[in-house]
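Below is one structure; the comments refer to it alone.
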Number of protein chains: 4
Amino acid sequence: MALPRSGPVRSEAARIAILDAAVALFAERGYDHLTMEGIARQAGVGKQTIYRWWPSKGDVIAEAILEGKLLGGRRDLPRTGDARGDLTAWLTDLFTLRGSADGEGLLHSIVAAAAGNAETGRRLRSEILAAPLSDRLSEALGGATGPRLAAAADALVGAVILRALSREHFDETDMRALVDAVIGTP
Amino acid sequence: MALPRSGPVRSEAARIAILDAAVALFAERGYDHLTMEGIARQAGVGKQTIYRWWPSKGDVIAEAILEGKLLGGRRDLPRTGDARGDLTAWLTDLFTLRGSADGEGLLHSIVAAAAGNAETGRRLRSEILAAPLSDRLSEALGGATGPRLAAAADALVGAVILRALSREHFDETDMRALVDAVIGTP
Amino acid sequence: MALPRSGPVRSEAARIAILDAAVALFAERGYDHLTMEGIARQAGVGKQTIYRWWPSKGDVIAEAILEGKLLGGRRDLPRTGDARGDLTAWLTDLFTLRGSADGEGLLHSIVAAAAGNAETGRRLRSEILAAPLSDRLSEALGGATGPRLAAAADALVGAVILRALSREHFDETDMRALVDAVIGTP
Amino acid sequence: MALPRSGPVRSEAARIAILDAAVALFAERGYDHLTMEGIARQAGVGKQTIYRWWPSKGDVIAEAILEGKLLGGRRDLPRTGDARGDLTAWLTDLFTLRGSADGEGLLHSIVAAAAGNAETGRRLRSEILAAPLSDRLSEALGGATGPRLAAAADALVGAVILRALSREHFDETDMRALVDAVIGTP
DNA sequence: AATTAAACGAGACGGTACGTCTCGTCTTATT
DNA sequence: AATAAGACGAGACGTACCGTCTCGTTTAATT
């Protein structure tokens, strides 16, 4: 039973404007250059309206992830019947995020956001990265579940992230080697 | 033939003081709260002396990594004869870094530094993370080299980093599952 | 003929709570630090209830003066038979207000309120400062009235205010010199 | 013996730009609406440059008064031989300040500044208000000095200020009555 | 009694300004 | 010429209030 409370209710319009502004600026300039003041300006909102509901820019981004605003439809794996091929394609696509934003790279920014904010880190893995792989990866591993499946998913995604952080190229050969390393040679 | 030049040369004392100050503040407060001004203050050095030699805080940290000041002796793998056990121990040790700094966690800070600075990212992987594993990992994989070896190293280290970013626990079972996934069940 | 109207009438309790809160905060922290939000909080009242009836904090204070809440019983002159002595005592008492509030001084705050708000200024002089003097001062001046009396009252009170604003001390000698200057040497 | 110190010296250009901006905004909008941010904007200066040298807007105005930037040449009394007439003219001129700024009135603003800032209050009386009167007033009083002279000066100026604060008109008759009250009928 | 509408407490909203912090550049005097 | 020191214009930080605007509740006068 909730406490009855009078007064105006939270503005959904402001909430959406803030998340959209945050996502737009994030994609444009990266996590480091994202500022609360910039979000407020872009969203046409008072700063206090942001601080009233989110303690930091990291939490704004975390909520944007939850709403699927940050990486839109990118989360779904293709489903061609060839599990190995689908995984490879998805991982390649993920690596490509590295270079899509101006200056910093969207993947770098997402990692920076995750490093700086617990909630973002939590959601990044569970909702964006490892989760979509699970089904197909389980197939490819012959029905693995639990720690075994989680470890394989983390190994694949983690390797891609590490390569992106190291700014090294990551060609088809490398990707094949990675998939082989984790789910075995066919 | 070098150009003749008058005046004092670069002060090695200042260079060291700056790197030490950067490392101390990094460990204490994390990468996000590390500031050029703070480093200068702590090192007893003018700000210009930092900017003269490094373009950003990320590059200061990158150099500190190169000097081995950031993660000291932690880079070496144990060598007990049991390659699988040595790798597991080293990876567990790496994961533990997650919680060693105040507030943010040293591993999170290192990842943030790598995400924000290309040179740090480059060195992080080549000199700190993947490199030390190579020898023992190659053994464990029956003499693998090249992309195969690199992929396996990235998979192991990347998985640990991803788990750290997600703030999830990572117990012995998980670690064993990871090693099994990458180098096969014994 | 009033328009017929249904609904509740103005709450006298709220009105009094607001004035009392305003006076308390004014005395405590001075006019500059007095805020509408603070008054509402202290009075346990919605902000709109204040804005509904007063356009600014200055007007709240003006009404508090009118109600005699601001300077309580201080407005009355003693009546000992010695008009000169009574005036001197009252003026000295007025000057003493300078130091009675925390930080700013009540007299400074009253002057600031008068400077910032026409209504407060109007009432300050007519009801608080010059008015109480009139009778005894008229006596002391041998029955003067009109501009002559007003000028003398303003000269006495204005001099005290100016001394307070200048933060200079104002001892018995000074006060005697002032009274002599305005109502002549005995 | 001053401590030797290296580093850049305070920028005189910035100091002047700040004082000029403060004076311009003060005259335009009054003391209450004067803001540090507005001064910085108008002066083309970082906020920190103001806060580095002055703790509050009141102190900026106090320094502007000291430099004679606030009331320019207005401080001098005319000298026609008729001391009483000169004083009357000067006091009338002072009262006129009441209405010269938009909205608040310059005299109200000066009083507000003095009420809110000790240094401004101190300088207001000693350098702007009472001081210029002294010579001619002493003449008019037949050579009075010390507390007697100070009291007369404060009475004249204070009365004018009080009338201004009360928003009452103050015509020639009133002014004559005031001068008569303080320096006697001719 | 039922209806109607204003006053109320609470507080969200778009803003402005606060005073502090750091940025990266620049200017000094010293070594 | 490199240094320690630090002033400078710039702008973000997180907080406090501004005055306006809903909300849901309470309370009277009018039906």
Side-chain angles (χ1 to χ4, degrees), chain A residues 4-11 13-15 17 33-41 43-53 55-57, chain B residues 5-11 13-15 17 33-41 43-53 55-57, chain C residues 4-11 13-15 17 33-41 43-53 55-57, chain D residues 3-11 13-15 17 33-41 43-53 55-57:
Chain A
R5 209 190 56 74
S6 68
V9 97
R10 179 173 182 183
S11 159
R15 198 190 129 258
H33 296 102
L34 185 65
T35 66
M36 291 298 235
E37 210 139 83
I39 296 171
R41 208 180 303 128
V45 136
K47 278 200 289 178
Q48 197 55 48
T49 300
I50 307 184
Y51 283 108
R52 187 156 24 234
W53 305 108
S56 73
K57 66 176 181 174
Chain B
R5 218 178 49 73
S6 68
V9 295
R10 178 172 184 182
S11 157
R15 196 187 131 261
H33 296 103
L34 185 67
T35 66
M36 292 298 236
E37 212 137 80
I39 297 171
R41 207 181 304 128
V45 135
K47 281 199 290 177
Q48 197 54 45
T49 302
I50 307 182
Y51 282 108
R52 191 162 13 242
W53 305 107
S56 75
K57 68 176 182 176
Chain C
R5 213 187 51 75
S6 68
V9 298
R10 178 172 184 181
S11 157
R15 195 187 132 262
H33 296 104
L34 184 66
T35 67
M36 291 298 236
E37 213 138 79
I39 296 171
R41 207 181 304 129
V45 135
K47 280 200 290 177
Q48 196 58 245
T49 301
I50 307 182
Y51 283 108
R52 188 158 21 236
W53 306 108
S56 74
K57 67 175 181 176
Chain D
L3 284 177
R5 207 190 56 75
S6 69
V9 97
R10 178 173 183 181
S11 159
R15 197 188 131 259
H33 296 103
L34 185 66
T35 67
M36 291 300 234
E37 211 139 80
I39 296 172
R41 207 180 304 130
V45 136
K47 278 201 289 179
Q48 197 55 50
T49 301
I50 307 183
Y51 282 108
R52 185 151 31 231
W53 305 108
S56 74
K57 67 176 182 174

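Below, read A as the first sequence line, B as the second, and so on, with proteins coming before strands; counting in each chain starts at 1.
For the residue pair A:Ala14 and A:Thr49, the shortest heavy atom distance occurs at CB-CG2, 4.3 Å. Of all non-hydrogen atoms in B:Ala43 and B:Ala17, the two that sit nearest each other are CB-O, 3.5 Å. Listed here is the closest heavy atom pair of A:Lys57 and A:Met36: N-CE, 3.6 Å. Summarising the geometry of B:Ala40 relative to B:Gly46, their closest heavy-atom pair is CB-C, 4.4 Å, with the distance given to 0.1 Å.
Between its two ends, the helix from E:dA1-F:dT31 to E:dT31-F:dA1 turns its axis by 10°, counting five pairs per end and rounding to 10 degrees.
Cation-pi geometry between C:Arg10 and C:Trp53 is met: under 6.0 angstrom from the ring centre, within 45 degrees of the axis.
Applying the side chain to side chain donor-acceptor pair (under 3.5 Å) rule to B:Ser11 yields no partners; only residues at least two apart in sequence or on another chain are considered.
The interatomic distance linking D:Ile50 (CD1) with F:dG11 (P) rounds to 15 Å, in whole Å.
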Scoring nucleotides 13-20 of chain E by protein non-hydrogen atoms under 4.0 Å (B base, S sugar-phosphate only, - none) yields BBB-BBBB
